[in-house]
Amino acid sequence: MSEVQLCAEPAPLAFSPARAALVLIDMQRDFLEPGGFGETLGNDVSLLQAAIEPCQRALAAARAAGMLVIHTREGHRPDLSDAPPAKVARGAPARRIGDPGPMGRILIRGEPGHDIVEALYPARGEPVIDKPGKGAFHQTDLMQMLRNRGIDTLFVCGVTTEVCVHTTIREGNDRGFRCVALGDACASYFPEFHRVGLDMIKAQGGIFGWVSDAAAFSGALDAAAQAA
């Protein structure tokens, strides 16, 4: 498939699907499902669930185009040896990382709540990156995966917009990747943070990257496939 023209802000972007990857950030049960850790903190998880359908659309398009698809999960080793003390100490007692939660120990790898929601579950062969921090590059082998495939453009979606999505885009930008947030496929517990987070990415001529949406992304890939 040749280069694809994507409608985006602050300007259109031409990219090659063979050199692009779709990165789905932390679409985990504990963050998105009723009864999970996010809801126990008083958040409205329906705000995050709104990103599932656009993520599905982007995921289907990327798979059909043969693009690299990468999933991430935020979480820690059961012994918390990779969890900074300041991070563990954040929040109310009994609702901290490693404590028992409604879906197992909170943010612990292998617990039910740590896993990805069924609607976006990884297909066979799609890498899943377990990250101990907010950004997907921190203490992971993401950079090696991207380098091995000659990737130069990242399409990023998931939750939450202003935290793990934003951090990953900033990290990618600093490493020389062209980063595109698929805005409707991202979400936050705080709608204002979502809006401002996307505005920050595309500000000043795209200081961190571009902002588009799942429909534009899938439409561009479909049009390129029909023209091939």
For the residue pair [Y] / [X], report whether a side-chain donor-acceptor contact shorter than 3.5 Å exists.
X	Y	value
Lys134	His166	no
Glu39	Asn43	no
Glu162	His194	no

Walk me through whether Asp115 and Arg73 qualify under salt bridge (charged side-chain N to carboxylate O under 4.0 Å, His left out). CA-CA 7 Å; Asp115 210 357; Arg73 299 181 295 201; 3.2 Å; yes
Looking only at heavy atoms, the pair that brings Pro132 and Gln139 closest together is CG-CB, 3.8 Å
Which heavy atom in Cys186 sits nearest to a heavy atom in Val165, and how many Å separate them? SG-CG1, 4.0 Å
Under 6.0 Å between ring centres, would you say that holds for Phe15 and Phe155? yes
Pairing residues for Asp174 by the side-chain hydrogen bond (donor to acceptor under 3.5 Å, both in side chains) criterion, not counting sequence neighbours: none
Quick check: do Leu47 and Pro191 have side-chain heavy atoms less than 4.5 Å from each other? yes
Check whether any side-chain heavy atom of Gln49 sits under 4.5 Å from a side-chain heavy atom of Val45, and report yes or no. yes
Ignoring hydrogens and angles, write down the donor-acceptor pairs under 3.5 Å from the side chains of residues 93-110, residues two or more places apart or on other chains.
| residue | atom | partner | partner atom | Å |
| --- | --- | --- | --- | --- |
| Arg95 | NH1 | Thr40 | O | 3.0 |
| Arg96 | NE | Ala89 | O | 3.3 |
| Arg96 | NE | Gly91 | O | 2.9 |
| Arg96 | NH2 | Ala89 | O | 3.4 |
| Arg96 | NH2 | Gly91 | O | 3.0 |
| Asp99 | OD2 | Ala94 | N | 3.4 |
| Asp99 | OD2 | Arg95 | N | 3.3 |
| Asp99 | OD2 | Arg96 | N | 2.9 |
| Arg105 | NE | Gly98 | O | 2.9 |
| Arg105 | NH1 | Pro78 | O | 3.0 |
| Arg105 | NH2 | Pro78 | O | 3.2 |
| Arg109 | NE | Gly75 | O | 3.3 |
| Arg109 | NH2 | Gly75 | O | 3.4 |
| Arg109 | NH2 | Asp82 | OD2 | 3.4 |
| Arg109 | NH2 | Asp130 | O | 3.4 |

Mind running side chain to side chain donor-acceptor pair (under 3.5 Å) on His71 and Glu126 for me, showing each step along the way? CA-CA 7 Å; His71 306 259; Glu126 292 177 351; 2.8 Å; yes
Give me each pair satisfying side chain to side chain donor-acceptor pair (under 3.5 Å) with a member in residues 203-215, each pair once, sequence neighbours excluded. none
Would you please test Gln144 and Asn148 for side chain to side chain donor-acceptor pair (under 3.5 Å) and show each step? CA-CA 6 Å; Gln144 187 69 33; Asn148 289 346; 3.0 Å; yes
Apply the test side chain to side chain contact (heavy atoms under 4.5 Å, CB included) to residues Ile201 and Ile169: give CA-CA distance (whole Å), side-chain angles for both, the deciding distance (0.1 Å), then the verdict. CA-CA 8 Å; Ile201 291 168; Ile169 286 176; 3.7 Å; yes
